[in-house]
Number of protein chains: 2
Amino acid sequence: MDVDTRLLRYFLAVAEEGTLTRAAERLFVSQPTLTKQIRQLETLLGARLFTRSRAGMALTEPGRALAARLPALLTAWDQVLRETRRAAGRAARSLRVGFMASAANEATPRIITEFARRRPGWRVEMRQAGWSDPSAGLADGDVDVALLRLPFPGQDALRTAVLFSEPRWVALPEDHPLAVRDVLPFRDLWDEPFVAAPPETGRWRDHWLAAGERDGRPVRIGAVTDQPDDWLSAIANGYGIALAPASAARFYARPGVTYRPVSGVSSSRVGVAWAVADDTDPVVQDFVHACLESARPPQTEAGTGTAG
Amino acid sequence: MDVDTRLLRYFLAVAEEGTLTRAAERLFVSQPTLTKQIRQLETLLGARLFTRSRAGMALTEPGRALAARLPALLTAWDQVLRETRRAAGRAARSLRVGFMASAANEATPRIITEFARRRPGWRVEMRQAGWSDPSAGLADGDVDVALLRLPFPGQDALRTAVLFSEPRWVALPEDHPLAVRDVLPFRDLWDEPFVAAPPETGRWRDHWLAAGERDGRPVRIGAVTDQPDDWLSAIANGYGIALAPASAARFYARPGVTYRPVSGVSSSRVGVAWAVADDTDPVVQDFVHACLESARPPQTEAGTGTAG
DNA sequence: CACATCCATGCCCACAGGTTATGGAAGCAG
DNA sequence: CTGCTTCCATAACCTGTGGGCATGGATGTG
């Protein structure tokens, strides 16, 4: 009895949402498609999985049985998929490196060079992650090692090493009243609206809002963005300001956005992270050592830099 | 990343067979189909799974990783499928009963009636199994309880109760020299070719060949059949003779085939079987009790009948 | 050198999964 | 009671793809 995992995901979506219409929206398919697919799954299994009513789709007893066991199955498949891809990377002598936009910045080429020196014949496959995943794919097993900003959610289940720290500056619209000043005390920014990362990024979001360094004052959120491009636009358009690593002034320059040093806020730490299981993996450890050896504070080291 | 389990089965078949051609035969698809499907799986995973050569398809490292984990995954899916179907049966107040052709014969209606008396509102869903599965679907979890002939392969992992025993007769071509006699001593049949069940049915096949009651003489196989119809045809066409329960003379009468009592061979036992997990299931136990209570030796009880 | 045995390719057909548009049933507001 | 909304089901249609057959290319073997 063959099934496509897509069908199973469809089923789970309907089971969770309770109506075809909402599940269809979530899955980005049309509602008639779901109608047909769910019906097909039912005939395939030879069991009614839902009782239909104008109120929506309610699970039957066999439906509940299926819904209870499916998630583990899909997770297991995901795991197999990842392990296979990892094996493929190894077989091709390729290390998958995830990185956050603006994580290591100018340190990155040096790291790559140093890794190449230690592992001749190996290549690195760089994968940029969006802000929705501050672990840069490491938490999902999509990469073997990641260059990222600390702290990030899920960090405790992984290994991390700090490479360097870098002062946090502020990015603000060119015509912002505070833009005339050279250095901005953080407390002057407390009441400004901020452009923030999505809420699911947890402590990483909090860190870039410096939520713990506002003396208990609440944060005003002016916009939520998921990518550097949207982030810059939001700032340029006046939706808010944002903290950013000092190097962002060079790597994310854009007309309408200026960067200023900030005093009274801690630095940002750049780190390398890997899975606990790779503590003994020679290739991963070579990369980590390459990071530690070649990472130097960027040239613009000035202000409140402190390693955590 | 969505996959059809069919694709995964294809992959495993190729991995096990070592060549596309043989795997294609085993899967009952054409070889070009497999070529395309395997290639598709590879692009889907982004990894070479096989190294092609004229000698066949050899697994790569990622291919081995996948092949090692897939069977457990497919088994798990099978399990989920069965549990869902079982739940569906329960929700519909329906007990799935597997039975071998000619297992309980005339006892069956009495059993059903007795079960209906104990469980008003429930119905039984009778599923006939071919000879290729002497557990009548119970080993695979396709049914909740089964009426069958003992012994059968896999019996030790299940619960069984003997209902009655029935003498074994012989089915032979009408014009067979031995057909003129009334009762045939089994030893007179030792050198006759027999029509047998498929080899994978193990001890069940051996039982119907009475392999252990030939004083060490080897069995001559004249034909292998998987269904009653083929079986009768094979006998009528003179490919061989076969032992059969006495009741087969009534349930499987066919022109060209006659049945004769046999002396010197043990009886056949009819039993009911269920899964160990259902020892405490009230519905299953009701069915078992219905069997035990209403099963009486068939009218033709004569000869060497002994219960095991 | 012919032949067998692999896998790959090209061409074609059928089907299934997707879409939009529309219908029917049943609550809810006026 | 009527009209609106919110469900799911149905119909008609399009297209991608899984499947088949026939055939080609590579490489050993009698």
Just to verify, what does A:E83 make a side chain to side chain donor-acceptor pair (under 3.5 Å) with, not counting sequence neighbours? B:R69
DNA chain C: 5'-proximal contact among B:G18 and A:F28 (nearest heavy atom): B:G18
Measure up the A:W204 and A:W131 rings against each other and bin them: parallel (under 30°), tilted (30 to 60°), perpendicular (over 60°). tilted
B:D4 CG to C:dA16 C1', in whole Å, measures 12 Å
According to a strict under-4.0 Å criterion, is A:R6 in side-chain N/O contact with OP1 or OP2 of C:dG17? no
My understanding is that only residues two or more places apart in sequence, or in another chain, count here; which of them pass salt bridge (Lys or Arg N to Asp or Glu O under 4.0 Å) with B:D4? B:R6
Taking CG from A:L27 and P from C:dT19, how many angstroms apart are they, rounded to a whole number? 11 Å
Side chain to side chain donor-acceptor pair (under 3.5 Å) partners of B:R205, counting only residues at least two apart: none
For DNA chain C, which residues in residues 30-38 of chain A have a heavy atom at a distance below 4.0 Å? A:S30, A:P32, A:T33, A:K36, A:Q37
Can you list the residues that meet the side chain to side chain donor-acceptor pair (under 3.5 Å) rule with A:S233, with sequence neighbours excluded? A:R254
CG of B:L44 versus P of D:dG16: gap in Å, rounded? 18 Å
Is it true that A:F50 and A:F11 have ring centroids separated by less than 6.0 Å? yes
B:R90: side chain to side chain donor-acceptor pair (under 3.5 Å) partners, not counting sequence neighbours: B:D281
Protein-nucleotide distance (A:R54, atom CZ; D:dT5, atom P), rounded to Å: 19 Å
Figure out the CG/P separation between A:L20 and D:dC8, and round it to whole Å. 4 Å
Which listed nucleotide (C:dC6, C:dT19, D:dC8) is nearest to the side chain of A:T21? D:dC8
Euclidean distance, atom OH of residue A:Y10 to atom P of C:dA16 [Å, nearest integer]: 16 Å
Looking at B:R52, I'd like to know whether one of its side-chain N or O atoms comes within less than 4.0 Å of OP1 or OP2 on C:dA8. yes
Would you kindly give the CZ-to-P distance between B:R39 and D:dG19, to the nearest whole Å? 16 Å
Nearest-Å distance, CZ (A:R22) to P (D:dT6)? 12 Å
